[in-house]
Chemist: 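Let me begin by handing over the structure; questions about it come next.
Note: hydrogens, waters and symmetry copies are ignored here, and every other heavy atom, side chains too, is used. Along the sequence shown, residues are numbered consecutively beginning with 1.
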Amino acid sequence: MSVPTMLHGAHEASSRREAARALLAHPMLTAATRAEDLTLVRVHATYLTGMFATTLGYRLVVEPTFARLLKEPPGPHPPARGARRASGAPFSSRTYTYLALVCAALLTADIGEQVLVSRLMDQVRAEGQVAGVEVDDRYSERRHLVDALAWLIEHGVVEETEGSVGRWGERSEEVLLSVNRTLLPHLLARPLHTLPGPEALLEGGASGAGPEQPRRSLRRKLVEHPVVDRDLLTDAERDVLSRERNELARVLFDAFGLVLEVRAEGALAFDPDGVLTDITFPGQGTVMQASLLLVDALTDTYRPEPGVTAVVDETARRGLGVPWPQVDAQIDDLLERYGKNWAERYREAPLVLREHVTENLAALALAYPTADALVLAPAAARFRPQPQQAPAQTRARARLDATHTQDELFG
């Protein structure tokens, strides 16, 4: 094989991997939100469609104005990944209700590719009547609608052509919206009217990729979960992890640029570039700092033995269970030591800080809250803060320090 041919092949593989990573990070790509990524996905559409179906059991829909990666449910023990407001706060049930009503309104025949928000509101009220949901003009209700529209704007389903949804929420100023009607039917993996209840949406089978295979389900867990607990794998998945580790590592890297790490407690596939994570940890802010310090404090205080287990959701899982009073005591200690540098609202409400820290650690699969305790997962030990070490004292360092001292005294 000639050098130009090899270089072309390497470039093609890198380009395909970049397109696949774009879809993992943003399962809805539109010309309005991520035009360059959409162009790249369209170039490799045939390869990506087959690769995602074979590797992860996902269905990919590629159209001129969007690409939508329809994922399978990640399993019974994934960290929650719900919709969030612009502030980062999770959607409430009322906001989800408005999101569903807005999507139903946008799909009606009376709504075209452009619509005034006042006209959309009329249709939302009509859809609410059909669903038995009261929709009124109170400010609190309008905020839910604004959050739902903002989520659709962020994902390229609608665009603000004239005006701002935020200003409409504050002052009822008219807004002209453009609607990507071809993307709307693909927001969900399956139509809701075909399902007996909401639980059925979390069951497998949306991709139409055939019977589940342990290799594919294991790859999916590694791609979607921060950490995969070995105890929660099926016997067939554990066998694949043990016998086919090298092949598994090759597939994950070639397809997505992920690096496989396997330990006795489980496995993870991490992104060296840090692009394919929705939570950067360790990170900035009070909750991130408190999370890291709490992990360190609990690990240092209780020093869990290898193989220790705790019951989470009626299942024995590897991890150290720390009763809530002891967790609260550690948080009080952290607030006393570091609270002056943290957000005031947490200094005055330790239980709120505990709640947000717990949610953060659970989302990272580093801890699991139960009714009686916070169960610290073995993977949490990876993130213990490393104290900054002073440089080794050499003769040259001693002379340099002495010179600096003289400069400070006599300079």
Chemist: Test His44 against Glu12 for side chain to side chain contact (heavy atoms under 4.5 Å, CB included), laying out the working first.
Modeler: CA-CA 9 Å; His44 300 295; Glu12 184 77 0; 3.5 Å; yes
Chemist: Looking at Arg230 and Arg263, would you say the former's side chain and the latter's main chain have a donor-acceptor pair under 3.5 Å?
Modeler: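 Here the side-chain-to-backbone pair exists.
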Chemist: Take Met121 and Leu116, measure what side chain to side chain contact (heavy atoms under 4.5 Å, CB included) needs, and give me the verdict at the end.
Modeler: CA-CA 9 Å; Met121 272 302 300; Leu116 292 171; over 6 Å; no
Chemist: Just by distance, do the side chain of Ser217 and the backbone of Pro214 share a donor-acceptor pair under 3.5 Å?
Modeler: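 Pair found, side chain donor or acceptor close to backbone of Pro214.
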Chemist: Could you check whether atom CZ of Arg125 has more than 12 heavy atoms from other residues, nucleotides or ligands sitting under 6.0 Å from it?
Modeler: yes
Chemist: Working to the nearest 0.5 angstrom, can you tell me the gap between Leu232 CG and His225 NE2?
Modeler: 9.5 Å
Chemist: Might you point out which heavy atoms bring Leu260 and Ala267 nearest each other, and give the distance in Å?
Modeler: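 It is CD1-CB, 4.4 Å.
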Chemist: Applying side chain to side chain contact (heavy atoms under 4.5 Å, CB included) to Leu248 and Arg250, what does each step give before you reach the verdict?
Modeler: CA-CA 5 Å; Leu248 179 63; Arg250 183 195 66 78; over 6 Å; no
Chemist: So do the side chains of Leu376 and Leu366 get within less than 4.5 Å of each other, counting heavy atoms only?
Modeler: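 A side-chain contact is absent here, since even the closest heavy-atom pair is not under 4.5 Å.
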Chemist: Between the side chains of Lys71 and Glu224, is the shortest nitrogen-to-carboxylate-oxygen separation below 4.0 Å, so that they form an ion pair?
Modeler: yes
Chemist: Is there a side-chain contact between Pro323 and Asp372 in this structure, where contact means two heavy atoms from C-beta onward sitting under 4.5 Å apart?
Modeler: no
Chemist: Would you mind reporting whether Thr97 and His144 have side-chain heavy atoms less than 4.5 Å apart?
Modeler: no
Chemist: Please report whether the ring centroid of Phe66 lies less than 6.0 Å from that of His186.
Modeler: yes
Chemist: If only side-chain N and O atoms count, and only distance matters, is there a donor-acceptor pair under 3.5 Å linking Asn360 with Thr358?
Modeler: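 No, because no side-chain N or O of Thr358 sits under 3.5 Å from a partner of the opposite role on Asn360.
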Chemist: Can you give me the closest heavy-atom contact between Ala290 and Leu353, atom names plus distance?
Modeler: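 Heavy-atom minimum between the residues: CB-CD1, 4.1 Å.
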Chemist: Roughly how far, to the nearest 0.5 Å, is the CD atom of Glu160 from the CZ atom of Arg167?
Modeler: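 Between atom CZ of Arg167 and atom CD of Glu160 there are 8.0 Å.
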Chemist: Could you tell me whether Arg318 and Asp231 have a side-chain N and a carboxylate O separated by less than 4.0 Å?
Modeler: yes
Chemist: Within 45° of the axis and under 6.0 Å from the centre of the six-membered ring of Tyr47, does NZ or CZ of Arg16 qualify?
Modeler: yes
Chemist: Got a donor-acceptor contact below 3.5 angstrom from the Arg42 side chain to the Asp37 backbone?
Modeler: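 Not confirmed, Arg42 side chain does not pair with Asp37 backbone.
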Chemist: Is there a side chain to side chain donor-acceptor pair (under 3.5 Å) between Thr301 and Gln330 once you walk through the steps?
Modeler: CA-CA 10 Å; Thr301 300; Gln330 294 289 349; 3.3 Å; yes
Chemist: Would you say that Leu69 contacts Phe52 through its side chain, given a criterion of any heavy-atom pair below 4.5 Å between the two side chains?
Modeler: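 Yes. Closest side-chain heavy atoms under 4.5 Å.
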Chemist: Any donor-acceptor pair under 3.5 Å linking the side-chain atoms of His155 with those of Thr33?
Modeler: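 Short answer, no.
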Chemist: Ignoring hydrogens and angles, tell me if any N or O in the side chain of Asp229 forms a donor-acceptor pair with the backbone of Gly266 under 3.5 Å.
Modeler: no
Chemist: Going through the checks in order, is the salt bridge (charged side-chain N to carboxylate O under 4.0 Å, His left out) test met by Arg238 and Asp235?
Modeler: CA-CA 5 Å; Arg238 281 193 289 270; Asp235 291 340; 2.4 Å; yes
Chemist: For the atom pair CG (Leu106) and CG (Leu152), what is the distance rounded to the nearest 0.5 Å?
Modeler: 7.0 Å
Chemist: For Glu174 and Ser118, which I'm curious about, is there any donor-acceptor pair between the side chains at under 3.5 Å?
Modeler: yes
Chemist: Considering only heavy atoms from C-beta outward, does the side chain of Pro350 approach that of Leu335 to under 4.5 Å?
Modeler: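 SC-SC contact between Pro350 and Leu335 confirmed.
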Chemist: Pick from Arg220, Lys221, Arg216, Arg219: which one makes a salt bridge (Lys or Arg N to Asp or Glu O under 4.0 Å) with Glu237?
Modeler: Lys221
Chemist: Distance to the ring centre below 6.0 angstrom and angle to the axis at most 45 degrees; does that hold for Arg354 and Trp324?
Modeler: yes
Chemist: Evaluate the ring planes of Phe91 and Tyr96, with Trp represented by its six-membered ring, and classify them as parallel (under 30°), tilted (30 to 60°) or perpendicular (over 60°).
Modeler: perpendicular
Chemist: May I ask you to test the Leu334-Leu294 pair for a side-chain heavy-atom distance under 4.5 Å?
Modeler: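 Leu334 reaches Leu294 side chain to side chain.
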Chemist: Specify the closest pair of heavy atoms between Ala20 and Ala255, including all atoms of both residues, with the distance to one decimal.
Modeler: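 The answer is CB-O, 3.5 Å.
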Chemist: Hey, are Tyr302 and Gln326 close enough side-chain-wise for a donor-acceptor pair under 3.5 Å?
Modeler: no
Chemist: Do Leu268 and Leu222 have side-chain heavy atoms sitting under 4.5 Å apart?
Modeler: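 No - every pair of side-chain heavy atoms lies 4.5 Å or more apart.
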Chemist: Does any N or O in the side chain of Ser178 come within less than 3.5 Å of the main-chain N or O of Gln114, such that one atom is a donor and the other an acceptor?
Modeler: no
Chemist: Could you check whether atom CZ of Arg215 has more than 12 heavy atoms from other residues, nucleotides or ligands sitting under 6.0 Å from it?
Modeler: no
Chemist: Closest heavy-atom contact between Leu29 and Ala22?
Modeler: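 Nearest heavy atoms, Leu29 then Ala22: CD2-O, 4.2 Å.
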Chemist: For the pair Arg17 (side chain) and Phe256 (backbone), establish whether a donor and an acceptor sit closer than 3.5 Å, ignoring hydrogens and angles.
Modeler: no
Chemist: So that I can tick it off, tell me whether Arg21 and Asp273 are bridged by a salt bridge, with the cut-off set at under 4.0 angstrom between side-chain N and carboxylate O.
Modeler: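 Yes, this pair counts.
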Chemist: Restricting to non-hydrogen atoms, name the atom on Ala67 and the atom on Leu38 that form the minimum distance, rounded to 0.1 Å.
Modeler: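 For Ala67 versus Leu38, the nearest heavy atoms are N-CD1, 3.6 Å.
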Chemist: If you take all heavy atoms of Leu40 and Ala19, which pair is closest and at what distance?
Modeler: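 Smallest heavy-atom distance, with atoms named: CD2-N, 3.7 Å.
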Chemist: Please round to the nearest 0.5 Å and tell me the distance separating atom CZ of Arg94 and atom CG of Asp147.
Modeler: 13.0 Å
Chemist: Just verifying a value: how many Å separate Glu154 CD and Thr30 OG1, rounded to the nearest 0.5 Å?
Modeler: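 Glu154 atom CD to Thr30 atom OG1 measures 11.0 Å (nearest 0.5 Å).
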Chemist: How many angstroms lie between CD in Glu113 and CG in Leu177, if you round to the nearest 0.5 Å?
Modeler: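 So the gap between those two atoms works out to 13.5 Å.
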Chemist: I'd like to check Thr95 versus Arg143 (side-chain heavy atoms, cut-off strictly below 4.5 Å). Are they in contact?
Modeler: no
Chemist: Quick one, Leu374 with Leu298, criterion side chain to side chain contact (heavy atoms under 4.5 Å, CB included). Give me CA distance, side-chain angles, the key distance, then yes/no.
Modeler: CA-CA 10 Å; Leu374 179 66; Leu298 294 178; 4.3 Å; yes
Chemist: My understanding is that only one of Val322, Leu320, Thr370, Leu361 makes a side chain to side chain contact (heavy atoms under 4.5 Å, CB included) with Val375; could you say which?
Modeler: Thr370
